[in-house]
Amino acid sequence: MAATDTAPAEAPGGLLDRVDANRLLRPLVRVGLPAVLLLIALLLIPFVFTRVAPYTMSDGVLLVLLATASLGLVPLTGYAGQVSLGQAAFYGTGAYTTAILTVRYHQSPLLGILVGLVVAGLLAWLLGLALFRAAGHYLTLATIAVGLVLAVVVKQFDLTGGAEGISGLPALSLGGLEFSDDVSFFYLAAGVLVVASLVVQRVCRSQLGTTLLAISDSPIAAQSAGVDPAPQKRFAFVLAAVVSALAGSLYALWSSFVDVNTLDLNLSLQLLIIATVGGRRSVYGATVGAFVIVSLARFAKEWLPAVSSHAGGQVEIIAYGLALILVLRLLPRGIVGAIAASLKRLVTPTAKASE
Amino acid sequence: MSELLQYVVTGLTTGSAYALVGLGIALIAQVTGVINFAQGQFVMLAGLLFAVLQEHRVPTVLAALAALAVTVLVGLALERLVLPRQAAGRTDQAIMLTIGASIVIEGIAFVTIGTEPKFARPFTAGEALRFGGASMDRQYLWVIGIAALVMLAVWLVLTHTRTGWAMRATAMDPDAARLSGISPSRMSLLVFLAAAALGAIGGIVLAPLQSPDASVGIGLGLKGFAAAVIGGLDRPAGAVAGGLAVGVVEALASGYLPSSQSGFADGIAYAVLLVALIARPTGLLRRVTGERV
């Protein structure tokens, strides 16, 4: 009875409710739900990877470290359209700095991590000063060159242990907790991944993210609107370097060993492929992409020696390359981008009605 | 003195092969806006195929032609199957696709040919020529001669044929070129085929001097990039000068660096590339003119 009375008035009230609900729900759906899904997926990894056959717990640690290292490519490559093939240079800078400080100078691992971040950030900032003056795709070339030059340099000096690298890093301990086995280290690294994902996402959703997108879409239009692209790109580049260095430092402390492979072009390629396959416009793509790459590497190690005897470890790179090509051609926004797009298509009618 | 002359001669020889690689990179960059990261793999593929065919007693000329043909086919596949049509809009995507193609080509070479280096015979047997205290392998003459002929041919095509004019028109202004009836898709295909051929010729002439293995593509590609960037990615003639410069710097570095630091010689071409990018990201030889928008 009351229902029929209020029926005409319900329309605006209902609409208002829906608007409010949307205002509450949208940030929850946009930030909360994917973050919760990420947390659940990460918490499942120790249970799955210790039980399901080809995976090992060290795959799990590697997965979160690689995901963290490729996070910075979301603003840099996904938003600003700058392809970096030198993330490993910063990963390696973090790893080597931590190794040198802890092994050669007996400093605490935490200080090693912090100094690694600063050194990598400074290196990226200096490079950015020089490289972003001109438009174009010179960054890709320059970042490859930086990685290769650093790889030659670390092999030449005693401080960096030459071709043998540096071994004997101490285990990381924080507040009385020691992270020396794979499972405890995994929880630490997963926590770092979640925090780093949220920070990078915050940056992407800020004014800077919009500006980077505009610069990538049309540098001339962005410039005529008063935006100087160089400082914005430089910030994205430094952020990407710092996040990679954090992952590299953690890797060094986990494996207690650093060598030239932490600076390798192959690692940079892997990181670019992780960001692209997962979805280079979404911070959650990094974790999905890292899962794909770690799985490809694991299955290649298990099965391929039987397929081809004289190719060594090089066969998996065919799979990486094919994954990159297929995803770019078929799902240009990556796996997460494709899922988000199809979810949006389901949600859009109601969203439109409320706006 | 004769030492210096020797290093310069060696550097000019390898440099003229790098120039061919860089010329291919510059042509693609100019006409399509794409930086082709698979260029070095064209060089590797052709050199390696040439050496393997020679090992199987295929005559030199046939081996060279077969290696060239296969590499050009790979260039065709890259442009038609891997890159999207209308690549011009999203060059970052096209660049990543060439990176993917580069990895796949390298991986396939590893799987089919293996990791060990292959040794190619010089084109003609005979003693090294001597002049002014420097000795010159006969292969040096082949490298310099073939590179010079190929560059002359590229210059003639670019300046004296309708196709060459169309290519240069597309490079200057793709929209205006399309409006006057030039197909950007056809230009893109032609320039990729040309770049694959240039890379392949560079790889084949170098093979007797630097025994190729499946991993050399990235390094050779970067030397080509260094050549193209020094000369300015938008000027084919600059890429030739850049290639010669990279070759000479590399030869001088590996000649004069003490053997305890010979490891640095490996990185010299990359350092040259980095310095060129930092010092003058628009190309060292480029005259200062208004920017094309």
Side-chain angles (χ1 to χ4, degrees), chain A residues 77 80-83 85 126-127 129-142 144-153 155-156 162-163 216 220 265-266 269 272-273 276 280 304 307-329 332, chain B residues 29 33-35 37 81-84 90-97 99-116 214-215 218-219 221-222 225-226 228-229 233 260-261 263-282 291 293:
Chain A
T77 307
Q82 298 286 309
V83 182
L85 266 182
L126 284 175
L127 274 172
L129 274 186
L131 289 172
F132 291 121
R133 285 176 306 166
H137 292 279
Y138 294 100
L139 183 75
T140 319
L141 287 171
I144 298 182
V146 169
L148 291 168
V149 169
L150 278 182
V152 169
V153 169
K155 274 197 272 186
Q156 293 300 315
S216 147
I220 295 161
L265 179 61
N266 275 334
L269 283 167
L272 181 69
I273 293 169
T276 311
R280 60 190 193 279
L304 286 175
V307 179
S308 167
S309 53
H310 61 313
Q314 300 292 341
V315 183
E316 66 198 58
I317 67 170
I318 302 181
Y320 294 163
L322 284 178
L324 181 62
I325 293 172
L326 290 176
V327 165
L328 279 170
R329 288 306 303 273
Chain B
V34 172
I35 298 184
F37 280 90
L81 300 179
V82 176
L83 294 182
R90 300 294 315 181
T91 47
D92 56 339
Q93 192 202 6
I95 287 171
M96 285 193 272
L97 283 165
I99 293 171
S102 166
I103 306 174
V104 172
I105 296 170
E106 187 183 296
I108 290 174
F110 269 120
V111 174
T112 53
I113 298 172
T115 52
E116 17 354 280
S215 71
I218 286 170
L222 281 166
F225 284 122
V229 169
L233 270 174
S260 64
Q261 282 164 344
F264 281 120
D266 300 336
I268 209 79
Y270 315 138
V272 168
L273 172 60
L274 194 58
V275 169
L277 283 166
I278 288 172
R280 205 51 204 284
T282 49
E291 187 184 331
V293 168

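Everything numeric here is computed off the predicted structure, so don't read it as measured data. Naming: A, B, ... by sequence-line order, numbering from 1 per chain.
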**Prompt:** Taking atom CG of A:Asn266 and atom CD of B:Glu106, what is their separation to the nearest 0.5 Å?
**Reply:** 7.0 Å
**Prompt:** Quick one: are B:Tyr270 and A:Val146 in side-chain contact, heavy atoms under 4.5 Å?
**Reply:** no
**Request:** State, yes or no, whether a side-chain contact exists between A:Thr77 and B:Asp92 at a heavy-atom distance under 4.5 Å.
**Result:** no
**Which atoms of A:Leu269 approach chain B - backbone, side chain, both or neither, heavy atom under 4.5 Å** = side chain
**Prompt:** Looking at B:Val104 and A:Leu322, what are the two nearest heavy atoms and their distance?
**Reply:** CG2-N, 3.6 Å
**Item:** Closest-packed option against chain B by number of heavy-atom pairs under 4.5 Å, given A:Ile325, A:Leu324, A:Leu272, A:Val149
**Value:** A:Ile325
**Request:** Considering non-hydrogen atoms only, spot the tightest contact between B:Leu273 and A:Ala145 and give its length.
**Result:** CD2-CB, 4.0 Å
**Message:** Which heavy atom of A:Ala130 sits nearest to which heavy atom of B:Ile278, and what is that distance?
**Reply:** CB-CG2, 3.4 Å
**Item:** Gap separating the CG atom of A:Leu127 from the CG atom of B:Leu274, nearest 0.5 angstrom
**Value:** 6.5 Å
**Asked** At a heavy-atom separation under 4.5 Å, does A:Ile273 approach chain B through its side chain, its backbone, both, or neither?
**Response** side chain
**Rounded distance [0.5 Å steps], CG in B:Leu277 versus CG in A:Leu141** = 6.0 Å
**Request:** Return the minimal non-hydrogen interatomic distance between B:Met96 and A:Thr276, and the atom names on each side.
**Result:** SD-OG1, 3.7 Å
**Message:** Quick check on B:Ile105 against chain A: is it the side chain, the backbone, both or neither that has a heavy atom closer than 4.5 Å?
**Reply:** neither
**Request:** Nearest 0.5 Å please: distance from the CD1 atom of B:Ile103 over to the CG atom of A:Leu265.
**Result:** 8.5 Å
**Request:** Would you indicate whether the side-chain heavy atoms of A:Val83 and B:Ile35 approach each other to under 4.5 Å?
**Result:** no
**Asked** From A:Ile144 CD1 over to B:Phe225 CZ, what is the distance, rounded to the nearest 0.5 angstrom?
**Response** 6.5 Å
**Request:** Flag the one option from A:Gly321, A:Ala319, A:Pro332, A:Ala323 with the top tally of heavy-atom pairs under 4.5 Å to chain B.
**Result:** A:Gly321
**Request:** State whether the side chain of A:Arg329 and the backbone N or O of B:Leu81 hold a donor-acceptor pair below 3.5 Å, judged by distance alone.
**Result:** yes
**Asked** What is the minimum heavy-atom distance between A:Leu148 and B:Leu222, and which atoms define it?
**Response** CD1-CD1, 3.0 Å
